[in-house]
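Each chain gets a letter, A, B and so on, in the order the sequences are listed, and its residues count up from 1.
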2 protein chains.
Amino acid sequence: MLKEGQKSASSHNLSGLLGINAWQIRKDFSYFGAFGTPGVGYDIEKLVKQVKKILKLNEPKKAALIGVGNLGSAVMSYAGFGIYDFNIAAAFDINPKKIGRKISNIRIEDVSNLQVLKKQKINIAIIAVPREAAQQTADALVKAGVKGILNFSPCHIKVPKKVKVITIDIAMDLARLPYYMPAG
Amino acid sequence: MLKEGQKSASSHNLSGLLGINAWQIRKDFSYFGAFGTPGVGYDIEKLVKQVKKILKLNEPKKAALIGVGNLGSAVMSYAGFGIYDFNIAAAFDINPKKIGRKISNIRIEDVSNLQVLKKQKINIAIIAVPREAAQQTADALVKAGVKGILNFSPCHIKVPKKVKVITIDIAMDLARLPYYMPAG
DNA sequence: CTATGTGAATTTATTCACAGCA
DNA sequence: TGCTGTGAATAAATTCACATAG
C-alpha cells in the first residue's frame, strides 16, 4: 500500500488484504499503543514504521545461509527478504566442490569456518542442511554467537533459551492439507 | 523411531524429540481416542498408523507444482515429501522456454493447461509463482478442482471456503526472528 | 512402579459491543 | 457518520493433578 502511494488504511481494509478479522487487527495494535485516527484509519507510513519498530526491523539485518543445496540456493536467490531489510551476507557448505564458488555474489565458505560470523557481526542464520546435520549445525551456530535461526530441516532443534529457532517444515506443511480437505 | 526399529515411546520420549510438553502430547492424542498403554507408552507402529489416519495421510497423494523458478525447482527436487507418501506428479510454468523441459522426470506443462489436473485426479497444488500471479493462479487451481493449496507466495490468497490454503512466507518467518532476539 | 488418560483449574486468545474521537 | 480503542464476555488452549491400567 505504501508503494502504491496510499495514505491511510482502515482495519477493514487491512482485514480484506490479510484475511484477519478487523477487530483482531485493532486489538493487536492496541496492545502496543494507539496508532490510528478514529473516523479515518491508520496512516500507512506511520503504521509501517511502528510495526517495524515493534518487530525490531527498524534497521538492516544480515543473515547467513548454511547449506547451499537445492533449497539453500533457492533461498539465496529469493528476492523477498528485501522488504524486511534483510540481506543474506554469507553462505557456508560442507562440500569441497562448492566451497570457493560464488552464489548471488557471495563466496561459499567452509562450514568449519562458522566462527567468522562473530567478526562479521551476523547473528541470524538460515539452516538448509540435511536433517542429520541440523543439530550439529545449530550447535556450531550458537557457538558462533548466532541468536536467531530459521531452520528448514524437518526436525526439532535444541538450543539454549537465549536463542530463538523458527522451523519451516515444508513437507509437514504440505501434509497438513489433507486433514482439511473433503474426503475423496 | 520406526526406521530405527524402536517399538514403543512414552510421551516423555516424544516430548524430548519434538520440543512439546509431555502432557500436551497426551492431551492431544486423547482427543482422538486412547492409543497408549499405561506403564509402557505408545506402540510406535500403531501410533504412526493412527496419526496418519487422523491426518488423512493413510494413502499416497499426488500434488502439482505451479511455477518452476528457483523456489519451485528446489521444491520439486526436495526429498522430504516421501515420508508423508506425497509425490509431486505434475509441474506447470508460464515461461515458454521452460515448457516441455523435464525436471525430476516430470514434463513441465503450460500453466494454461491446469485443467488437466482434473483428469489426473490431482487435488493438491503448490504455488511457487511471483506474488503478482498468486491470486490468479489460485483461481485457476480452484477451477481445476484443487481442494488444497500450499502457497509460497508472500500474500494472502482468497479461495472458496471449501478450499484450504496454507501459506509459507519465508521472508516473513525470517523477519519474525529479531523480535525474540536480545537487543544489539 | 511407571506412564496413560482426563476432569478441573488456570491461563491465554478471540469476539463482542460500544463509548468517544475526528 | 465512520472508525478507533478497549473493557467485558466468551471461547479456547494449556497446565495441573491424580485416578487408573499394565
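- Interface residues of residues 5-18 of chain A facing DNA chain D, ordered by number: S10(A), S11(A); criterion, heavy-atom separation under 4.0 Å.
- A donor-acceptor contact shorter than 3.5 Å links the side chain of K62(A) to the backbone of Q120(A).
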What protein N or O atoms touch nucleotides 14-18 of chain D N or O atoms at under 3.5 angstrom, if any, and at what distances?
| from | atom 1 | to | atom 2 | distance (Å) |
| --- | --- | --- | --- | --- |
| dT14(D) | O5' | Q24(B) | OE1 | 3.3 |
| dT15(D) | OP2 | N21(B) | ND2 | 2.9 |

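- Using a 4.0 Å heavy-atom criterion, one finds that F29(B) contacts no nucleic acid atom at all.
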Validation: residues 63-70 of chain B side-chain donor-acceptor distances under 3.5 Å, sequence neighbours left out:
| from | atom 1 | to | atom 2 | distance (Å) |
| --- | --- | --- | --- | --- |
| N70(B) | ND2 | S77(A) | OG | 3.3 |

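- Of the possible donor and acceptor atoms, one in the side chain of D93(B) sits under 3.5 Å from a partner among the backbone N and O of N95(B).
- Computed from coordinates, the I20(A) CD1 to dT14(C) P distance equals 10 Å when rounded to whole Å.
- Under the side chain to side chain contact (heavy atoms under 4.5 Å, CB included) criterion, D139(B) pairs with Q135(B), sequence neighbours left out.
- Judged by distance alone, the side chain of S11(A) and the main-chain N or O of I25(A) form no donor-acceptor pair under 3.5 Å.
- Panel note: side chain S10(A), backbone H12(A); a donor-acceptor pair is recorded below 3.5 Å.
- Distance CD1 (I25(A)) to P (dA13(C)): 18 Å, rounded to an integer number of Å.
- Comparing dT4(C), dA22(C), dG5(C) by their nearest atom to the side chain of A34(B) picks out dG5(C).
- Side-chain N/O atoms of Y42(B) include one lying less than 4.0 angstrom from OP1 or OP2 on dG5(C).
- Under the ring pair (Phe, Tyr, Trp, His ring centres under 6.0 Å) criterion, Y84(B) pairs with no residue at all, not counting sequence neighbours.
- Evaluation of the ring pair (Phe, Tyr, Trp, His ring centres under 6.0 Å) rule for F29(B) yields F35(B), Y42(B) as partners, not counting sequence neighbours.
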